[in-house]
Every structure is written in structure tokens, then in C-alpha cells.
Amino acid sequence: MFIEQGPIRPPSEADSLLIRVTRNCPWNKCAFCKTFKGEQFSRRPIEDVLADVDTVSRVSGQVQQLSREMGRDGIITADVVHEAGARHGHLHYHVGAWLYNGSKNVFLQDANSLLLKTDDLVRIVKYICQVLPAVERITTYARADTAARKKVHELTALREAGLNRIHMGMESGSDQVLKLIQKGVTAAQLEEAGRKIKAAGISICWYVMPGLGGRQYSREHALETAARINAINPEHVRLRTLTVLKGTPLHDLMTSGVFEPLDEDEIVAEIRLLIESLQGVTTRLVSDHILNLLQELEGKLPDDRDRLLGIIDRYQTLPEAEKTNFQVGRRAGVYRFLDDMREPNRYRHVEALLRDMGGKGNLKKHLESIRRKFV
Ligand code: SF4
């Protein structure tokens, strides 16, 4: 058995069932993005999507039957998931893992599901809830220009059908930065999309890309992004620090000197300015991407504002040698949090890595190369 699935999902949807409703990205021009390069956008036939939902239902039944055969009484344990994958392959493993995690969450792929006609998307979302009754949360990616074109009553119909959250690559709230990176979206469209999504009662998660304005627009990037967040008060803002990938237009801009990337410390300072500039919002800030230097930068505003700024202060006031050690340790996967540096064995291990890299002179090149592997 087979269902079609796309290549990406948000980090927070790691436990979700992935149902592909469109293929690839209809825009495909953002200067930093390689995800769908060379791939054509298309809408999947609705009947094919519904058939995938039926297949998931059948596979769920088979995994539960396997659990009974293994003496687990229909309960999906980790060994049932592994056995399902070993016997039947990836789909059974994926569905088994989804059942193991409670079978509550579904993510609709790929980059811009709202491009479907509202009636078609409503039909898909309702069908998922009908065939997979344990589902409580259905989320998807959408571009701001597409969401801004929807009527509030259309978005409301989607929420009533069961669509709970829209993940949106905001990247920046600055028109200059959005233009630089060819986002094809304006700050006004971001706000319009945000207002409509919230008016429909759908939760919104904006992805912000620290470093995206380069040295030239860093300040404007932070301030204008904060201004959009202040205007909309999205439920979530997720940080996903820029890494400039070879083969992207942004890499060409960087090599020609038009785009000057920020170093790790400048990015931390930019994030500080962003957080300092948030006012009157109850947004939860999340830093759950491996590309972010300070993963512990997570909390709900306004209550956690001072704590978040304190984490940044703590990093910024480290001696240079410790900052370097933390950057290398974080990128090498030795550290997650600043406190991890206090463990002598880990610290010494990172110092050895740093020596192997040839010292601080080669640091920038090594850190960039490690970061590129995570994109
Ligand atoms: S809209 Fe998203 S998927 Fe499409 S090119 Fe831009 S960043 Fe990539």
C-alpha cells in the first residue's frame, strides 16, 4: 500500500500524519529556498487525496491487528511500530508512529494548501475527521498572498470543518527584506492574511528568519517584523535562522557582495532587538529549529519577556572563548542549552573539536558548512 507524501513539514509536526493535497510550491522563487527547486506545482486530484485517507485507515487497522498478534491487545507500543515497519515498510511505520503518538494530529502538505478551492479543501478536512475520528488538530502551510485573497467566511468554513492552524513563512515583516528575497508578498498582505485567519478563529504560526536582512537591513528586519507581530498577535512565532545555501539566488547575492550575512553574534543581537520591540502581544516564541543558536529562547509574551532577554544577555556577556566554544558545541550537536557548557567533559570535547578545525581562524567556514547540512 502507498500514499503520496511530500518532502517537508514544520518541526512541530514531527508526530503528525502527513497527507499531501498539493505538490511542491506554486511560487518557488524565494531567494533562500531550494526545497522545491525544479519541481512543478500541481493540485492533487481530490479523489486521490481521499483515497490516501482511506489507505491510512486500512493501515491503522493492520497495525492494530499486528499489535493483537504480538500480544499487545491492540495497543500501539514502540515495538509494534518497529515491527510494522520491518514487515510492511515505510507507510506502516509512519502510520504506526502516528498511532503511537495518539493519532490526533494531521498536517496537510505541501507549501500552500490554501491554493485549493475552499470547497475542495473543506471536503478533504471533513473527510479526514470522518474517517480518522481520533484526529483533533489539522494544520497546513499557506502563503500570505493566498490567505489574504480568501474571504473570512471561507477561512471560517475551513475552521468549522476542522482546520485548526496555519503555518506561514513570514520570514520578515519588512517590505525591503521581502523584496530582497523575492518573497512575492508584502507586509500589508502579511497583516491582511493574519487578520483574516484570526478573524476566522484559526491559530496562526509565523516563521521568522533571523539574519535574512543581512547587515544592511538587520535593524529594519527586526523592527518591521516586530511591528507585524504587534499588529496581528499570532499565537506562535517560530525562529528559523537563515543559512545561505549554495545554488540559491541569495548565495549569488552574497558572493557578489550585495548581501552581507550576519555572524552568529549579530544574529543574536538582531533577535534581541526583535524581542525588545514586541509590545502588547500574547504570542508564544519558539526556537525549536536546529539552525537557531539559542534553542532555549522559548516562552510566552509578555510574561517571559525578561527571561528571554536574560538568556540573550547571558550569551552576549560570555567571554569570547566561551562564545566560540558554545557556537561550535551547538553546531556539532554537543550542546542544546547554555548550561550544557558547564559540563567539563562536553566543554573539553568541544575544545578538541575546535583544535581539529584549525582554531578560530577557520571557525566561520566550518560553522557555515555544519549549518548547511541541517537545511
Ligand atoms: S513559498 Fe516557501 S516553499 Fe515556496 S519558495 Fe518560498 S520559502 Fe520555498
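First listed ligand is number 1; within each ligand, the first listed atom is number 1. Since the structure is predicted, the reported quantities are computational estimates derived from the model, not experimental observations. Residue numbers run from 1 in the order of the sequence given.
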Suppose we measure from [atom] to each protein heavy atom; which comes out shortest, and what is that distance?
atom                    : answer
atom 6 (Fe) of ligand 1 : Cys30 SG, 2.3 Å
atom 1 (S) of ligand 1  : Arg143 NH1, 3.4 Å
atom 8 (Fe) of ligand 1 : Cys33 SG, 2.4 Å
atom 5 (S) of ligand 1  : Asn28 CA, 3.5 Å

Please determine if [X] and [Y] form a salt bridge, counting it only when a charged side-chain N lies under 4.0 Å from a carboxylate O.
X      : Y      : result
Arg123 : Glu47  : yes
Arg9   : Asp15  : no
Glu191 : Lys196 : no

If you count the atoms of ligand 1 from 1 in the order shown, which ones are under 4.0 Å from a heavy atom of [X]?
X      : value
Phe32  : 7 (S)
Cys25  : 1 (S), 3 (S), 4 (Fe), 5 (S)
Lys29  : 5 (S)
Lys183 : 1 (S), 6 (Fe), 7 (S)

Under-4.0 Å heavy-atom contact with ligand 1, by part of Phe36 that carries it: side chain
Single hit among Leu115, Val49, Leu108 for side chain to side chain contact (heavy atoms under 4.5 Å, CB included) with Leu121: Leu108
Non-hydrogen side-chain atoms of Lys104 and Val135 separated by less than 4.5 Å: no
Pair Arg143-Asp145, salt bridge (Lys or Arg N to Asp or Glu O under 4.0 Å): steps then yes or no: CA-CA 6 Å; Arg143 278 178 52 81; Asp145 56 336; 3.3 Å; yes
His88 ring center near Tyr93 ring center (under 6.0 Å): no
